[in-house]
Structures are given as C-alpha cells and as structure tokens.
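Working notes for the structure below.
We use all heavy atoms of the structure for the numbers below, so side chains are in, but hydrogens, waters and symmetry mates are not.
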Amino acid sequence: MEEAKSQSLEEDFEGQATHTGPKGVIHDWRKFKLESEDSDSVPQSKKEILRQLSSPQSRDDKDLKERASRKMSIQEYELIHKDKEDENCLRKYRRQCMQDMHQKLSFGPRYGFVYDLETGEQFLETIEKEQKITTIVVHIYEDSIKGCDALNNSLVCLAAEYPMVKFCKIKASNTGAGERFSSDVLPTLLVYKGGELISNFISVAEQLAEEFFARDVESFLNEYGLLPEREIHALEQTNMEEEEIE
C-alpha cells in the first residue's frame, strides 16, 4: 500500500517536473511538497518558508541582477567611448606636434619661386646678404646649352615644394665671369649657405638621365644632403598615419 502511494506520488511529481539536474530536482520537490500539503494542516509560517524555498530567487533579486547587468553594459559602453575619445585626443596632439615641428624647421624667410638674377652684382648680393640659415641654389646656364631649359623647369617645381630654399638662375654671360663658365661646364649648379660655397656641380645634365624631371634633380640634390625635408611629403605622411589609426 505504501509502495503504491509512493509510486503514485512519484508519478504526480514527475508530471509536474520542469527542471533538470540536482538543483532542479530539489526545486521541484519543494514546490510539489508545498502543493501536496493540506493547506489547513500546515501553519502559515511553514507555507511561507516552503514558498521561499521553492522560489529561492525573488523578483527583487531578479530586478537587482538585471539592473546590475544593465549597469555593466553602460560601463562597457562608457569605456569604449572613452577609448575613442583618447584616440581623438592623441591624434590632435600628434597633429599639433607636427605643426609645431614644421614651424620650427621652416623658421626664416620663405621664397617659393626661382629668382632671375640679371647681373653679377645681384648674384654677389644674393650670396652675401641672405640669412645664414638659408640654402641658396644657383643655376648658371645659357639658353643654347642642352639640359639648361629642363633644369630650369625642374627648379621651378622644386622651389614650390621647398619654399625655405632660395633657388636662383643667372646666365653665364651675365655673371661677369663668363670665361669661367664655358659651354663645356654648363649647366652648373652652385649651392651656398652662410655666404660660403658648399657644393658645386658642373655639367649637371651629364649626371642625370638624357630626359630628366624635377624628381630626378631632387634625388640628385638629396644624395648630397642639400635639401631639407619636403613639407608636402611630411604632411602627407602625417595624414596617412592618422588614417591608419582611424
């Protein structure tokens, strides 16, 4: 009889089971125990205890957990947002540093075009009176000499890209020393700084390709360290680095 009753209770219990695993079985048993007790014979305090045991997580606890979960999500969002703000601040700081550096490097007069010197006196005055920090590149040429025209055109482009360098040109016949600049040595480049000749290149066209352009002349001068950092190149490099960060 007892065995049959026990089997009947187990069947009723199994029909109402909604949880699996050890904890789920205990929960269902408590719920079943509460429902199977005679409501008249069980004290109200015991009913409340069984009810709490059958539902160990109250609604308040669930709300608290959900609020905590939402709070963590907000914290994570704020953390991510803060990281983005830090990246933006770093990018602005780097840009400001680059601008400050360019201002320091480019301190002094700026030119941006090729000066056409017409006399030997202008030539000497340009060399002697220019600021000591300024690099002066002088092209001595004649229109009839091969390579002179191409070199003049190349210097026009370089003057725009290196405004802190003073590029000049003068015909050999106007220097007052035409005998020293015969057609055999033209085109000639003379480079001065602080009133002193620091480099001279004769028959420059022979040291370049038969057909040359501004980039070829730029590379040639850079081989001897005669040009500063090109400003356009520096700004392009800065923009590329910022795009990689983004």
Side-chain angles (χ1 to χ4, degrees), residues 98-237:
M98 290 297 295
Q99 290 176 349
D100 292 342
M101 183 182 70
H102 289 317
Q103 289 177 359
K104 291 179 181 179
L105 292 176
S106 60
F107 176 76
R110 302 172 72 83
Y111 308 97
F113 60 92
V114 178
Y115 290 78
D116 193 357
L117 307 178
E118 296 181 353
T119 64
E121 288 76 12
Q122 286 185 349
F123 180 22
L124 293 176
E125 185 177 349
T126 297
I127 303 306
E128 294 174 354
K129 293 187 177 181
E130 194 57 70
Q131 293 190 20
K132 293 183 178 181
I133 63 172
T134 300
T135 299
I136 305 171
V137 178
V138 181
H139 176 210
I140 300 177
Y141 73 101
E142 285 293 346
D143 293 329
S144 59
I145 304 299
K146 182 181 179 180
C148 288
D149 186 54
L151 187 54
N152 276 332
N153 292 333
S154 297
L155 295 182
V156 170
C157 296
L158 295 181
E161 295 185 356
Y162 295 90
M164 70 290 295
V165 177
K166 187 171 185 177
F167 291 89
C168 306
K169 65 178 182 177
I170 183 171
K171 287 185 177 182
S173 56
N174 293 338
T175 61
E179 68 280 359
R180 298 180 56 187
F181 298 106
S182 64
S183 59
D184 295 336
V185 300
L186 300 182
T188 293
L189 282 180
L190 304 178
V191 185
Y192 295 86
K193 192 168 188 178
E196 300 291 335
L197 178 67
I198 60 175
S199 291
N200 65 324
F201 306 97
I202 63 174
S203 302
V204 177
E206 295 180 3
Q207 303 180 53
L208 300 170
E210 184 175 353
E211 186 178 8
F212 62 88
F213 302 94
R215 287 291 172 264
D216 302 308
V217 179
E218 179 185 30
S219 298
F220 176 77
L221 294 174
N222 276 329
E223 286 181 7
Y224 298 91
L226 298 174
L227 295 178
E229 182 181 9
R230 184 160 55 97
E231 290 187 353
I232 295 177
H233 173 72
L235 292 175
E236 288 176 350
Q237 185 176 2

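The line from CD1 of Ile136 to CG of Leu197 is 11.0 Å long, rounded to the nearest 0.5 Å. Here the straight-line distance linking atom CD1 of Ile170 with atom CG of Asp116 works out to 8.5 Å at 0.5 Å rounding. With rounding to the nearest 0.5 Å, the separation of OG1 in Thr134 from CD1 in Ile127 is 11.0 Å.
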### Check against side-chain contact (heavy atoms from CB on, under 4.5 Å), Glu128 and Phe123
CA-CA 9 Å; Glu128 294 174 354; Phe123 180 22; over 6 Å; no
### Query
Going through the checks in order, is the side-chain contact (heavy atoms from CB on, under 4.5 Å) test met by Lys146 and Glu210?
CA-CA 10 Å; Lys146 182 181 179 180; Glu210 184 175 353; 4.0 Å; yes
### Query
What do the steps show when you test Cys168 against Val137 for side-chain contact (heavy atoms from CB on, under 4.5 Å), and what is the final call?
CA-CA 6 Å; Cys168 306; Val137 178; over 6 Å; no
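Every salt bridge (charged side-chain N to carboxylate O under 4.0 Å, His left out) that Glu218 has, sequence neighbours left out, goes to Arg215, Arg230. Residues forming a side chain to side chain contact (heavy atoms under 4.5 Å, CB included) with Phe113 (at least two apart in sequence, or on another chain): Tyr115. With sequence neighbours excluded, the residues satisfying salt bridge (charged side-chain N to carboxylate O under 4.0 Å, His left out) with Lys129 are Glu125. For Phe201, the ring pair (Phe, Tyr, Trp, His ring centres under 6.0 Å) criterion is met by Phe220, Tyr224, not counting sequence neighbours.
Around the CD atom of Glu211, the shell of radius 6.0 Å holds no more than 12 heavy atoms that belong to other residues, nucleotides or ligands.
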List the atom pairs, donor and acceptor, that lie under 3.5 Å between side-chain atoms in residues 173-193 and the rest of the protein, sequence neighbours left out.
| unit_1 | atom_1 | unit_2 | atom_2 | d |
| --- | --- | --- | --- | --- |
| Ser173 | OG | Glu142 | OE2 | 3.1 |
| Thr175 | OG1 | Ala172 | O | 2.8 |
| Thr175 | OG1 | Ala177 | N | 3.1 |
| Thr188 | OG1 | Val185 | O | 2.5 |

Could you list the donor-acceptor pairs under 3.5 angstrom formed by side chains in residues 149-159, with sequence neighbours left out?
| unit_1 | atom_1 | unit_2 | atom_2 | d |
| --- | --- | --- | --- | --- |
| Asn152 | OD1 | His139 | ND1 | 2.7 |
| Asn153 | ND2 | Asp149 | O | 3.3 |
| Ser154 | OG | Ala150 | O | 2.9 |
| Ser154 | OG | Ala214 | N | 3.4 |

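Under the 4.5 Å side-chain criterion, counting only non-hydrogen atoms from C-beta, Lys166 is not in contact with Arg110. Residues Gln207 and Phe212 have side chains not in contact (no heavy-atom distance under 4.5 Å, counting atoms from C-beta outward). Between Asp143 and Cys148, the closest side-chain pair of non-hydrogen atoms is not below 4.5 Å. Considering only heavy atoms from C-beta on, Leu226 comes within 4.5 Å of Ser199 through its side chain.
A distance-only check finds a donor-acceptor pair linking the side chain of Thr126 to the backbone of Gln122 [under 3.5 Å].
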